[in-house]
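A quick write-up on the structure given underneath.
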Amino acid sequence: MDCGSCAAKVRGAVERLPGVADVDVALMAERLRLTLDETQTPPERIETAVRGVGFGIAPKGARPEKPKGGFVLPDGAFPDAAEGAETGSEPEDNNEPAEHAPTSWMKTSKGRLVIGTGALLAAAWACRLVLSAEVAHWAFVLATLVGIAPVAQRAFAMVRARMPFTIEMLMTIAAGGALVIGELEEAALVVFLFAVGELLEGVSAGKARDSIRALSKLVPKTARLEVGSRTREIAAERLQVGQVVQVRPGDRVPCDGEVIEGTSGVDESPVTGESVPSLKEPGAEVFAGSINAEALLRVRVTKAAEDNTIARIVRLVEEAESARAPTERFIDRFSRVYMPAVVAAAVLVAVVPPLTFGLAWGEWIYRALALLLIGCPCALVISVPASITSALSTGARNGLLMKGGAVIEAAARTTHVAFDKTGTLTHGKPRVTDVTVLSGTEGDLLALAAGVESGASHPLGQAISAEAERRGVDAAAATGGRALPGKGAEASIDGVTVSVGSPRLANERGALTDDLRTRVAALEAEGKTVVIVLCNDVPQGLIALRDEPRADAADAVTELRDLGISSIMLTGDNPRTAQAIADGLGIAHRSELMPEDKVAAIHELTTDARVMMIGDGINDAPALAAAHVGVAMGSGTDVALETADAAILRNRVTDVAGKIRLARATMSNIRQNIAIALGLKAVFLVTTVLGITGLWIAILADTGATVLVTMNALRLLFFRPSGARPVAEIASRHTSDATPESASATT
């Protein structure tokens, strides 16, 4: 399935059958669930109904059988069920589609159709310029017929399923009517654009599914299982609750479990999104997919593979996709009333006057043909995508990506924006904020700390080294450096043992005086992480670090407020840090949220509001999917970018307001286009029936409407999403106090 329309067709094919209830069609998971009374309808009839509308279907985990009839199907609908081949196990019945090699869009059936119809359309235009009009005539006819044939097949399949007025039927009637009237060039062009749209939907859906599959790859395929006094590698998916595994430094944790031996910092950013590793000691909980940074850990498995954190995130994404009702395309909705009315009116105009009043058949058939041409939805079919395309182009030039018209419509209706903290409102990396000297100078203190942290992989150590480099301070030459798991690091400098560590390390070594404790508490109250530099266990100074807000984060909250939109920050960080960041930005907040907690918060907000979620990490993927619109920051993970409905490539938080401004302007433009197209049609429908205007005026009206709405849509190319202030002004304002990374991103 490629889009919400596909899901609607599958739903419509089965929900009318007797004994069917609770129909749930999950687009991304390509899954159909329903409650069936088999005394009224056998399961085989469900499968027949789905195949009848052009989709493959099979029990979950099996290979779908191709439907009969030669329909053009979503590519990748028949993956090879080869999962588990590496370990020799049978494919599992899980929520993840079977892995298969990605196919280039050019090699897919829809891709070949687009290339073929495009080539024929180009050839027809070339024939008009170089050869005779008759050759161009047949070239346009061929281009239209080749492009409309698979669409017509699906349209008549929908008719057999008692769904006659679909987008496919609309396109079939429009193209057929244009051929009959002689508008061959317009017919070929509309069919080609429709094929391009179908292809793009398929490519987008395929990428989204790939991103969901990538989630499960965060968990290593193997685990080091303890068996007696020895260890052996087994498939991580075979781990059972109660078994003990070893996790070496640098390895990913293969399961959700409890530490029973060892002390180490664990990078939980794949799960919580927080940049600072979390200290894990015996009794602490660890999550599948997190990374052990420092020392060997022995972990007891507490959850089976299908219930670990990453598996739950995958399920949350799929459930969020399923729970959110797909937005039906406007033309498909409108055609349910518009197309039957136009066709019926044309038939009545053709037959009623001659039969009832004995008027001339030729004249009234002529008027009916003109009426059908005016009623042809070509202007509508082109005008709405023209507005969307212009908006997407403007957005792309300004670093604002949105995945289609449904996303633009949802973004325009946004009333609340929920932000992740780390990497979204903040830079995602700790920075030195305070240097407090107890002995010597700031340069001396940073030189000692940078010497100990030289070559460190810990984010705090890297931040200290970066600050020393920024100030032009050379790191002191150090030897014998070693990590103190969960506490810090130490090395020998000029024969003196220098330690850079947490207040806990200073306390253990008797160096944490009352005065020092007070200073540490004051800094920690501001949401900062404090490290203490010791020389032979004598305090030399304090260095405080924090993941600071982006320079434009406060401006973004203000701009959203000016648009009448409320903001809230959702973070997995501790309440103290969250409070400090939120107070500085003037934003509401909720803290200590796991991925499922963020989803629950989004669901709570969506009960009476239209919610846009902004995030950047894998842990944000479920919340991005659960919101009405999910927006990923460009610096975020591939999974967040693919799962989200939209993306902000320039990492400017103020672009959130720009995205909403653009969406609102686009919806206003679309409403104008609809009024223009329908208004002109309404006028000429009346004049045609009355005989005031003829066929050539009908053609002019239809073409004129197309030109007008297209020109109106092109106005969006000049829209400035940034509002009153030019983008360059905002960029220059924020570059001065940004980090090198953020400055380059802004530029």
Side-chain angles (χ1 to χ4, degrees), residues 1-79 81 97 108-110 113 145-176 191 194-195 197-199 201-202 205-206 322 325-326 328-329 331-333 335-336 339-340 343:
M1 297 184 292
D2 293 340
C3 62
S5 179
C6 295
K9 289 166 190 170
V10 174
R11 187 181 301 107
V14 300
E15 65 184 1
R16 294 182 174 88
L17 298 176
V20 172
D22 304 324
V23 178
D24 173 28
V25 182
L27 176 63
M28 286 296 100
E30 296 181 302
R31 183 194 67 233
L32 167 64
R33 277 195 190 130
L34 52 84
T35 302
L36 179 63
D37 181 356
E38 296 189 26
T39 62
Q40 299 185 58
T41 298
E44 294 76 15
R45 191 175 174 190
I46 300 292
E47 298 183 11
T48 300
V50 174
R51 292 193 184 99
V53 293
F55 295 91
I57 182 172
K60 190 169 64 171
R63 180 185 177 89
E65 177 185 343
K66 293 186 179 181
K68 298 177 181 178
F71 296 110
V72 178
L73 297 173
D75 296 287
F78 311 114
T108 66
S109 56
K110 289 185 178 180
L113 181 64
L145 293 178
V146 168
I148 204 64
V151 178
Q153 272 191 309
R154 299 201 299 273
F156 288 113
M158 297 297 116
V159 171
R160 290 193 295 271
R162 293 186 291 176
M163 291 182 285
F165 299 112
T166 61
I167 187 67
E168 285 81 7
M169 180 57 72
L170 181 148
M171 285 301 305
T172 301
I173 295 176
V191 169
F194 182 75
E198 292 280 284
L199 173 65
E201 286 178 344
S322 176
E328 293 181 283
R329 287 177 287 189
I331 297 175
D332 197 17
R333 293 198 309 265
S335 68
R336 296 180 183 181
M339 282 308 301
V343 173

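Keep in mind that the numbers below use all heavy atoms, side chains included, and drop hydrogens, waters and symmetry copies.
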Item to complete: Report the C-alpha distance between Val10 and Ile57 in whole Å, list the side-chain angles of each, state the deciding distance to 0.1 Å, and finish with yes or no for side-chain contact (heavy atoms from CB on, under 4.5 Å).
Response: CA-CA 10 Å; Val10 174; Ile57 182 172; over 6 Å; no
Which pair of non-hydrogen atoms, one from [X] and one from [Y], has the smallest distance, and what is that distance?
X	Y	result
Ala49	Ala13	CB-O, 3.6 Å
Ala157	Gly52	CB-O, 3.3 Å
Val53	Lys9	CG2-O, 4.4 Å
Val23	Glu15	CG2-CB, 4.0 Å
Leu113	Pro150	CD2-CG, 3.8 Å

Worksheet entry | side chain to side chain contact (heavy atoms under 4.5 Å, CB included) partners of Leu145, counting only residues at least two apart | Val141, Leu179
Worksheet item: Taking only residues two or more places apart in sequence or in another chain, which ones pass side chain to side chain contact (heavy atoms under 4.5 Å, CB included) with Glu38?
Response: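 Partners of Glu38 by the side chain to side chain contact (heavy atoms under 4.5 Å, CB included) criterion, ordered by chain and then number, come out as Leu36, Pro43.
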Discussion item. I'd like to check the side-chain hydrogen bond (donor to acceptor under 3.5 Å, both in side chains) partners of Gln40; sequence neighbours left out, ordered by chain and number.
Written reply: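 With sequence neighbours excluded, Gln40 shows a side-chain hydrogen bond (donor to acceptor under 3.5 Å, both in side chains) to Asp37, given in chain and number order.
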